[in-house]
Number of protein chains: 2
Amino acid sequence: MTTTLLCCDWGTTAFRLRLMTVEDQRCVGELRTQSGIARTFSDWKTDGRPKRVSQEDFFRHRLKTYIGQLAVQVQHSLAGTPVLISGMASSSIGMTEVPYAGLPFALDGSQASIRFFESQSDFPHELGLISGVASSNDVMRGEETQLIGAVSLLSWAAQPDKSVFIFPGTHAKHLFVENEQLTHFETFMTGELFGLMAKHSILADSVETADLTSLSEADEAAFRQGVRQSITKPMLAALFTVRTNDLFDRLTKRQNALYLSGLLIGSELGHLLQKTDWPIRLCSSPNLATVYTLAIDELKLTHRTTLVPPDLIDRAAPAGQLQVYQQKREKQPI
Amino acid sequence: MTTTLLCCDWGTTAFRLRLMTVEDQRCVGELRTQSGIARTFSDWKTDGRPKRVSQEDFFRHRLKTYIGQLAVQVQHSLAGTPVLISGMASSSIGMTEVPYAGLPFALDGSQASIRFFESQSDFPHELGLISGVASSNDVMRGEETQLIGAVSLLSWAAQPDKSVFIFPGTHAKHLFVENEQLTHFETFMTGELFGLMAKHSILADSVETADLTSLSEADEAAFRQGVRQSITKPMLAALFTVRTNDLFDRLTKRQNALYLSGLLIGSELGHLLQKTDWPIRLCSSPNLATVYTLAIDELKLTHRTTLVPPDLIDRAAPAGQLQVYQQKREKQPI
């Protein structure tokens, strides 16, 4: 059995590769780049396809380059170390498409949809490509592996029978877990809508986006006001109040960006007000933890919410990959 | 008293000038251009300001050019004919800023906020600049004049004590009228959000926008499905289903654009479901009348909705300007 694994989180806009010890899940080397799937796919269309390099080979070659850089960093060869990838690499714009897993989806990793590729002479790594999960009307790629990892790190003993796991982001996910199975999930376009509104809409002149981790009292008050507005006014009307806040000089442009953020995050979380018997697990990266925690407080959801520590969330993807690898590798030899 | 008036509707993105008879409100000449306020303001910043031409003079000169073109079209001089302008010309990026009128706002035009400018040697027209209306948290410029006009054309005899007038558009307006006064209004960013989603978001690849006036049965079904979704799912989650409709091959990209339109228009109109005692007057331009009528039908609001004929809405702005002119000119001589 291998003692280390190369764990790769390949998202739409970012690439992250970690060398992990299997036994105690320590990260012993890491490389991050901005070569997400979208950019790599676009590079393939420009450079690879005209030279008749297949999409799969192009991605594999790119990956090999990064593994080489990580090998230099950790000062030993990584040949023979298996690679696991989750995220968008299994999509139509990734390395190769792997079918989605379905629901319900067991959180021990036993139902993950993974495709293994044998080691090759010029790519001396067994490779496992983990696909996403589809419901009847929603899809995700990556969060299912983070969820498996987060749950394994949290340990089941402390888990309630059911809870909704919230992963904030460009496309925030609400993952409904019952009896150690993912049974339902929903995608919210929160982060993307914030970006579009702040950059391309008539509201662009009324806001000034900035760091969301360090908030003044006035910033916080503006954010909370946005959250309150989100549950009293229809979204399409609430958005326009960002403009009038500015026209009427009620908020600075920075406060107004927080107000807009409050509107959108409040609107995302609003449906949880009705789901009174669902404990909430907030699984946020450090940069969004502050505002999501504030929104949860303003919506009076704190008593049934646990903040999963951001450093645990940071380790969730490789932990999930290790879990999937252990579950699937032996049962599905290449 | 003048027998004709130059009626100008100067919006953010379009300019429209009509020569109207006062007595029977006939349009005897018309000019349309794409020189809206935004473009004209930008032209002033590039060409006018460096030459020390004031913003007001720059706009007046642009207007004079268009009046000249209309004079050629109608084959007689328009010198001496008063000009009335509503829309964005009274905003900070327009000719000159005129303060908003407040609420409640009488629909006979007597409370309109208008500034008159004397005729000048090189601009031989008395000019009236009609401003918008502000509430404590919303603003509009132009729709108040359209409302005054629409109501005057509909004639009060047929009006219920109260009704909500809906003006679809980039920033749709819902205008609440009680006892011949506008008492409240709300702006919905429906049209703008549609454009942003269809052009700049992750949904852009999933939709193909097209003419909204002629719908096949499948188009109509997709639109209705969007309307239904809008009232069952939170907006930020409903938007993502546009992507899964495409991923799962459930709708063509054209049908999916109609589904997205249904989501947004349904969401805009959804709050009217609670306002059960408010009759609805739909004041739509021809291009949006079909889809708004469908949404109203799907939401089961038809029994309390009247479709104000689109050709009447087309005449509403000059009718409102005439009404304001008659109310204000004599009481406020220049």
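Naming: A, B, ... by sequence-line order, numbering from 1 per chain. These values consider heavy atoms only, across backbone and side chains, with no hydrogens, waters or symmetry-generated copies.
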Query raised in the report: Does some side-chain heavy atom of His200(B) sit less than 4.5 Å from a side-chain heavy atom of Lys199(A)?
Result: no

**Report entry** Portion of Ser230(B) that has a non-hydrogen atom of chain A nearer than 4.5 angstrom
**Finding:** neither

Report task. Work out which heavy atom in Glu192(A) is nearest to a heavy atom in Ser201(B); give both atom names and the distance. Result -> OE2-CA, 3.0 Å

Report summary line: If you tally heavy-atom pairs under 4.5 Å between each of Thr12(B), Thr190(B), Thr241(B), Thr170(B) and chain A, the highest tally belongs to Thr190(B)

Requested in this report: Supply the atom-to-atom distance Met197(B) CE to Leu196(A) CG, rounded to the nearest 0.5 angstrom.
Outcome: 5.0 Å

Query - Student check: side-chain heavy atoms of Arg243(A) and Val139(B) closer than 4.5 Å - result: no

Requested in this report: Nearest 0.5 Å please: distance from the NZ atom of Lys173(A) over to the CZ atom of Phe240(B).
Outcome: 4.5 Å

Requested in this report: Keeping the roles fixed (side chain from Thr244(B), backbone from Asn137(A)), state whether a donor-acceptor pair exists under 3.5 Å.
Outcome: yes

Query raised in the report: Less than 4.5 Å apart, any side-chain heavy atom of Leu203(B) and any of Met189(A)?
Result: yes

Report summary line: chain B shares the most heavy-atom pairs under 4.5 Å, among Ser92(A), Ser136(A), Ala134(A), with Ser136(A)

Requested in this report: Select one option (side chain, backbone, both, neither) describing which atoms of Tyr100(B) are under 4.5 Å from chain A's heavy atoms.
Outcome: side chain

Query - Note, His171(A) side chain near Ile202(B) side chain (heavy atom, < 4.5 Å) - result: yes

Query - Between His271(A), Lys233(A), Glu268(A), the one whose heavy-atom pairs under 4.5 Å with chain B are most numerous - result: Lys233(A)

**Report entry** Which of Leu247(B), Leu239(B), Asp138(B), Asn245(B) touches chain A most, by non-hydrogen pairs under 4.5 Å
**Finding:** Asp138(B)

